[in-house]
Every structure is written in structure tokens, then in C-alpha cells.
Amino acid sequence: MPKTTLWAFALLLLGLTVSSAVAQEQPIRIKIVGGLADVRQFVQFEEPFWRRRVPEITGGRLHAEIAAFDRSGIRGQEMLQLMRLGVVPFGTALLALVANEEPELNAADLPAVSPDMPALRRTVAAYRPHMREVLAERYDVELLGVYTYPAQVIFCRRPFTGLADLAGRRIRTSSVGQSEVVTALGAIPVVTPFAEMVSAMRGGGVECAITGTLSGNAVGLQEVSTHVHSMAITWGLSVFGANRAAWNGLPEDLRTLLRREIAELENRIWEAADEETGDGLACNAGAAECRMGRRGRLTVVPVSPQDEARRRNLLIESVLPGWVRRCGNDCVEAWNHTLGQTLGIRAVPEQP
């Protein structure tokens with residue numbers, strides 16, 4: 001073979017080798033649908049994690065684009081089905097929104113189940129294995145994390161000393177479960193958009209409102225209220241997972257790394273939710289410890305033994321039977337084998 005031909009052949013091989021190496025070095029790109037836009041969980045934790053932390057810890061091998069679900073043109077109610085189809089390869093499903101389609105997943109976030117953060121941690125730990133099983137078997141989704149928003153509590157425009165005083169009042173709610181609890185208290189639920197909550201309180205359309213301790217402060221509830229209860233009515237759990245085909249398509253070492261890092265992200269989100277719950281109460285009361293909100297002058301109503309007994313009765317007599325009606329008798333076994341043992345409260349099948 002002539003010398004010039006040998007050189008040409010060698011250069012061709014070198015070019016192919018370089019092209020192959022460049023191709024192998026191309027980063028993997030994934031798309032994430034996160035939680036609610038403009039809240040602390042997304043702005044300070046989810047978005048920086050995927051945009052900056054992931055490329056850093058993977059040495060540039062993995063890059064992610066993330067959009068909040070309420071800014072992505074996706075209905076939160078459809079998230080699980082879109083993940084099952086692979087339209088959303090990695091997504092966050094707010095359990096309150098997917099409850100109509102899959103009420104079984106929402107058991108851990110039912111009203112009156114977890115009155116404080118330690119209780120919520122026990123609840124989620126007990127129910128997580130069942131959530132993982134439901135997501136895998138029905139939606140082909142790999143559960144990677146469970147996130148929580150801060151506590152949803154009751155603000156009122158006139159004094160009260162406990163749950164018993166709320167009978168007859170018109171109370172803003174945002175979900176079926178919250179409305180059931182309000183009805184069971186002898187009060188009147190009024191489903192009201194978050195943006196209209198303060199004007200409804202100011203105008204007298206509602207006398208109380210259920211919302212987050214700090215988010216309520218951010219929109220000015222402390223200016224139209226006199227009292228706030230310290231018991232969590234609900235929280236706002238969401239599951240983060242991946243379509244299994246998309247998940248299994250990642251190299252094994254990246255999957256291992258992501259599992260570990262997402263677990264740490266989950267821990268930070270939970271710690272922030274706990275901090276935000278406490279700071280919201282402090283700010284609404286005008287306490288010196290207030291850091292993230294505006295100081296108000298509200299009276300923080302403590303959880304009394306009577307309130308705790310009432311919460312438990314609400315769960316047994318109203319919330320749990322309502323969930324069984326929506327979920328079906330097959331869900332009774334799931335509750336009794338998980339949360340029933342943790343809470344010491346058994347679900348009863350609905351009688352025909």
C-alpha cells in the first residue's frame with residue numbers, strides 16, 4: 001500500500017476514534033416537571049438541584065431541564081397518566097390533585113391524619129412502601145421521593161379557643177377532604193381560590209380560611225384575621241418519580257447517584273417545610289423569631305387535649321369513611337396493614 005494511502009487510512013481511523021469519543025462524551029439530557037412555581041420548595045430546592053447540582057455531581061454527564069407543573073401547560077390531575085405514557089419522563093404529582101383518579105395514594109395526606117411534623121413523618125414512613133407499589137404496578141412509575149409543603153392551618157377573623165368554636169362559621173377550603181372536615185365540625189365549607197382568599201375574608205364571604213402558615217402571611221391574612229390555630233389540618237404531599245423506561249435507560253451508576261441525592265433533596269425539603277410552618281406562626285403572632293414573613297398581631301391558638309380528641313374523632317367518624325367511599329373497599333386492607341397499625345385506627349368497609 002502506498003505511503004500516502006497509509007497516512008490517509010491512519011487519519012481516517014483517528015477521525016473515527018475522535019468522533020466516537022466525542023459522541024460518548026455527549027451529556028444525557030432529561031426533562032423534569034417539578035412542583036408549584038414561585039414557592040420555596042421549587043425556587044430554593046428543586047430548581048437549583050436539577051439545574052446546578054446534578055450536572056456538578058455527575059461531572060457534566062447528566063443535564064436536566066425543569067419546569068414547574070403549573071407553568072408547563074400540564075394539568076396536575078393528569079400527571080400520573082402522563083408519566084405512565086412517558087410524556088412526562090420525570091415528574092412531581094401533588095397527591096391532592098391526583099386524588100380523584102387515585103385516592104389510594106392520598107391516604108397519607110388525608111385531613112386530620114397528621115397534626116404536626118413528627119406525626120407526618122411517621123405517617124409517610126408507614127405508607128411509603130404501599131405508595132411505591134401502587135405507582136409501580138398501576139402507572140409503571142419508579143418512586144424516587146416524597147415531598148411536603150408546610151402545614152395548612154385555620155385562620156379566623158374573630159376569636160376562637162379551639163375546634164369546637166368553629167361550628168356555624170363559613171370556612172375557606174381548597175379540597176374535598178378539607179370540606180369534609182369543616183362539615184364534620186358543624187361549619188360551612190366555601191371552596192375559594194387562593195388569590196381570592198383575603199378579599200373573601202375582608203368582605204365577609206368567609207369568616208375563616210385554611211391555608212399555609214407562611215403563604216397565608218405572604219398574601220396578608222394576618223391583616224384580616226385575629227386568631228390562627230397551630231394544628232395542621234393538611235400538609236400537601238407530592239410524589240416525585242420517573243417513568244420506568246426512562247429511569248432504566250439511565251446508566252446504573254447515575255441511577256445510584258440520583259437515588260442518593262434525591263433522598264438528600266427530600267430531607268432538605270422536609271426540613272424547610274417544618275421551618276416554614278414554625279416561622280409562619282411566629283410571624284403571624286409578631287414574635288421576634290419571625291424571619292421570612294411579615295409580623296402580625298394574631299393570637300396563636302394552641303392544640304388542647306380537647307382539640308386532639310376532636311381531631312381523632314373527625315378522622316374515625318368522617319375523614320376515613322369518606323375516603324373509603326371514594327377509594328372503595330379494596331383500600332380498606334391497604335389502610336389497615338399500614339396506617340391502621342401506625343395510628344391505631346382501623347378502616348371499616350362500606351356496607352352495601
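For reference, positions follow the sequence shown, starting with 1. Computed from a predicted structure; not experimentally measured.
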Chemist: Please test Arg29 against Glu65 for salt bridge (charged side-chain N to carboxylate O under 4.0 Å, His left out), starting from the C-alpha separation and ending with a verdict.
Modeler: CA-CA 8 Å; Arg29 299 188 180 275; Glu65 297 177 21; 5.7 Å; no
Chemist: Between Leu254 and Thr58, is there a side-chain heavy-atom distance shorter than 4.5 Å?
Modeler: yes
Chemist: Please evaluate residues Arg157 and Val224 with respect to the criterion side-chain contact (heavy atoms from CB on, under 4.5 Å), reporting the C-alpha separation (whole Å), side-chain torsions for both, the decisive distance (0.1 Å), and the verdict.
Modeler: CA-CA 6 Å; Arg157 56 181 293 178; Val224 294; 5.9 Å; no
Chemist: Please evaluate residues Leu166 and Ile171 with respect to the criterion side-chain contact (heavy atoms from CB on, under 4.5 Å), reporting the C-alpha separation (whole Å), side-chain torsions for both, the decisive distance (0.1 Å), and the verdict.
Modeler: CA-CA 9 Å; Leu166 300 177; Ile171 301 178; 4.3 Å; yes
Chemist: Please collect all disulfide (SG to SG under 2.5 Å) contacts where either partner lies in residues 138-220, sequence neighbours excluded, each pair once.
Modeler: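 Qualifying pairs: Cys156-Cys208.
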Chemist: List the steps, then state whether side-chain contact (heavy atoms from CB on, under 4.5 Å) holds for Leu258 with Leu250.
Modeler: CA-CA 10 Å; Leu258 283 178; Leu250 295 176; 3.9 Å; yes
Chemist: Any luck finding a side-chain donor-acceptor pair between Thr277 and Thr213 under 3.5 Å?
Modeler: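 There is no such pair (donor and acceptor under 3.5 Å, judged by atom type) between the side chains of Thr277 and Thr213.
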Chemist: Keeping Asn336 on the side-chain end and Arg346 on the backbone end, is there a donor-acceptor pair under 3.5 Å?
Modeler: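 Side chain of Asn336 to backbone of Arg346: no pair is present.
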Chemist: First locate atom CD1 of Ile30, then atom CZ of Phe90, and finally report the distance between them rounded to the nearest 0.5 Å.
Modeler: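 One finds 4.5 Å between CD1 of Ile30 and CZ of Phe90.
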Chemist: For the pair Arg53 (side chain) and Leu265 (backbone), establish whether a donor and an acceptor sit closer than 3.5 Å, ignoring hydrogens and angles.
Modeler: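 Not a single qualifying donor-acceptor pair exists.
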Chemist: Using a 3.5 Å distance criterion without hydrogens, assess whether the side chain of Arg244 forms a donor-acceptor pair with backbone atoms of Glu142.
Modeler: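 Not confirmed, Arg244 side chain does not pair with Glu142 backbone.
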Chemist: Distance only, no hydrogens: is a donor on one side chain within 3.5 Å (strictly under) of an acceptor on the other, for Glu308 and Ser304?
Modeler: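 No.
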Chemist: Quick one: does Gln77's side chain get under 4.5 Å of Asn100's, heavy atoms only?
Modeler: no
Chemist: Does some side-chain heavy atom of Val300 sit less than 4.5 Å from a side-chain heavy atom of Asn284?
Modeler: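 The answer is no; the side chains never approach within 4.5 Å.
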Chemist: Ignoring hydrogens and geometry, is there a side-chain-to-backbone donor-acceptor pair from Asn217 to Arg294 under 3.5 Å?
Modeler: yes
Chemist: Any side-chain heavy atom of Val181 sitting closer than 4.5 Å to one from Thr173?
Modeler: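 No, every pair of side-chain atoms sits at 4.5 Å or beyond.
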Chemist: Between Thr192 (side chain only) and Val190 (backbone N and O only), is there a donor and an acceptor less than 3.5 Å apart?
Modeler: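 Indeed, once roles are kept as given, a pair shorter than 3.5 Å links the two residues.
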Chemist: Looking at side-chain heavy atoms only, is the closest gap between Val348 and Val324 below 4.5 Å?
Modeler: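 The answer is no; the side chains never approach within 4.5 Å.
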Chemist: Using a 3.5 Å distance criterion without hydrogens, assess whether the side chain of Asp70 forms a donor-acceptor pair with backbone atoms of Leu36.
Modeler: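 Such a contact is absent between Asp70 side chain and Leu36 backbone.
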Chemist: Passes salt bridge (charged side-chain N to carboxylate O under 4.0 Å, His left out), Glu180 versus Arg326? Steps please.
Modeler: CA-CA 12 Å; Glu180 286 180 346; Arg326 294 190 299 274; 2.6 Å; yes
Chemist: May I ask you to test the Leu298-His227 pair for a side-chain heavy-atom distance under 4.5 Å?
Modeler: no
Chemist: According to the disulfide (SG to SG under 2.5 Å) rule, which pairs have a member within residues 49-116, sequence neighbours left out?
Modeler: none
Chemist: Do the side chain of Asn329 and the main chain of Glu350 share a donor and acceptor less than 3.5 angstrom apart?
Modeler: yes
Chemist: Any luck finding a side-chain donor-acceptor pair between Tyr139 and Glu101 under 3.5 Å?
Modeler: yes
Chemist: Tell me if the CZ atom of Arg268 is crowded by more than 12 foreign heavy atoms within 6.0 Å.
Modeler: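 Enclosed.
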Chemist: Flag the pair Trp247 / Phe240 as yes when their ring centroid distance falls below 6.0 Å, and as no otherwise.
Modeler: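 Centroid distance Trp247-Phe240: not below 6.0 Å, so no.
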Chemist: Can you see whether Ser238 engages Thr92 through a side-chain donor-acceptor pair at a distance of less than 3.5 angstrom?
Modeler: no
Chemist: Given side-chain hydrogen bond (donor to acceptor under 3.5 Å, both in side chains), test Gln178 with Thr234 step by step and report yes or no.
Modeler: CA-CA 8 Å; Gln178 288 182 2; Thr234 54; 3.1 Å; yes
Chemist: Quick one: are Met231 and Asp307 in side-chain contact, heavy atoms under 4.5 Å?
Modeler: yes
Chemist: Mark yes when over 12 heavy atoms from residues, nucleotides or ligands other than Asp253 sit less than 6.0 Å from its CG; otherwise mark no.
Modeler: yes
Chemist: Please determine if Arg295 and Glu223 form a salt bridge, counting it only when a charged side-chain N lies under 4.0 Å from a carboxylate O.
Modeler: no
Chemist: Are more than 12 heavy atoms, taken from residues, nucleotides or ligands other than Gln44, located less than 6.0 Å from that residue's CD atom?
Modeler: yes
Chemist: So, does Glu207 use its side chain to make a donor-acceptor pair with the main chain of Arg170 at under 3.5 Å?
Modeler: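 Yes, because the side chain of Glu207 sits within donor-acceptor range (under 3.5 Å) of the backbone of Arg170.
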Chemist: Under 4.5 Å between side-chain heavy atoms, hopping through other hydrophobics if needed: is there a path connecting Val87 to Val98?
Modeler: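 Yes, it is one cluster - the side chains of Val87 and Val98 are joined through contacts under 4.5 Å.
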Chemist: Apply salt bridge (charged side-chain N to carboxylate O under 4.0 Å, His left out) to the pair Glu275 and Arg40, showing each step before the final yes or no.
Modeler: CA-CA 11 Å; Glu275 177 189 32; Arg40 190 181 182 201; 3.0 Å; yes
Chemist: Short question: side chain of Arg51, backbone of Ile66 - any donor-acceptor pair under 3.5 Å?
Modeler: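 At least one qualifying donor-acceptor pair exists.
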Chemist: Hey, mind stepping through Leu237 and Tyr149 against side-chain contact (heavy atoms from CB on, under 4.5 Å) and telling me if it holds?
Modeler: CA-CA 6 Å; Leu237 292 177; Tyr149 290 108; over 6 Å; no
Chemist: Quick one: does Tyr147's side chain get under 4.5 Å of Glu46's, heavy atoms only?
Modeler: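 Side chain of Tyr147 against side chain of Glu46, heavy atoms only: contact under 4.5 Å found.
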Chemist: Under 3.5 Å, is there a donor-acceptor pair between the side chain of Ser72 and the main chain of Phe69?
Modeler: yes
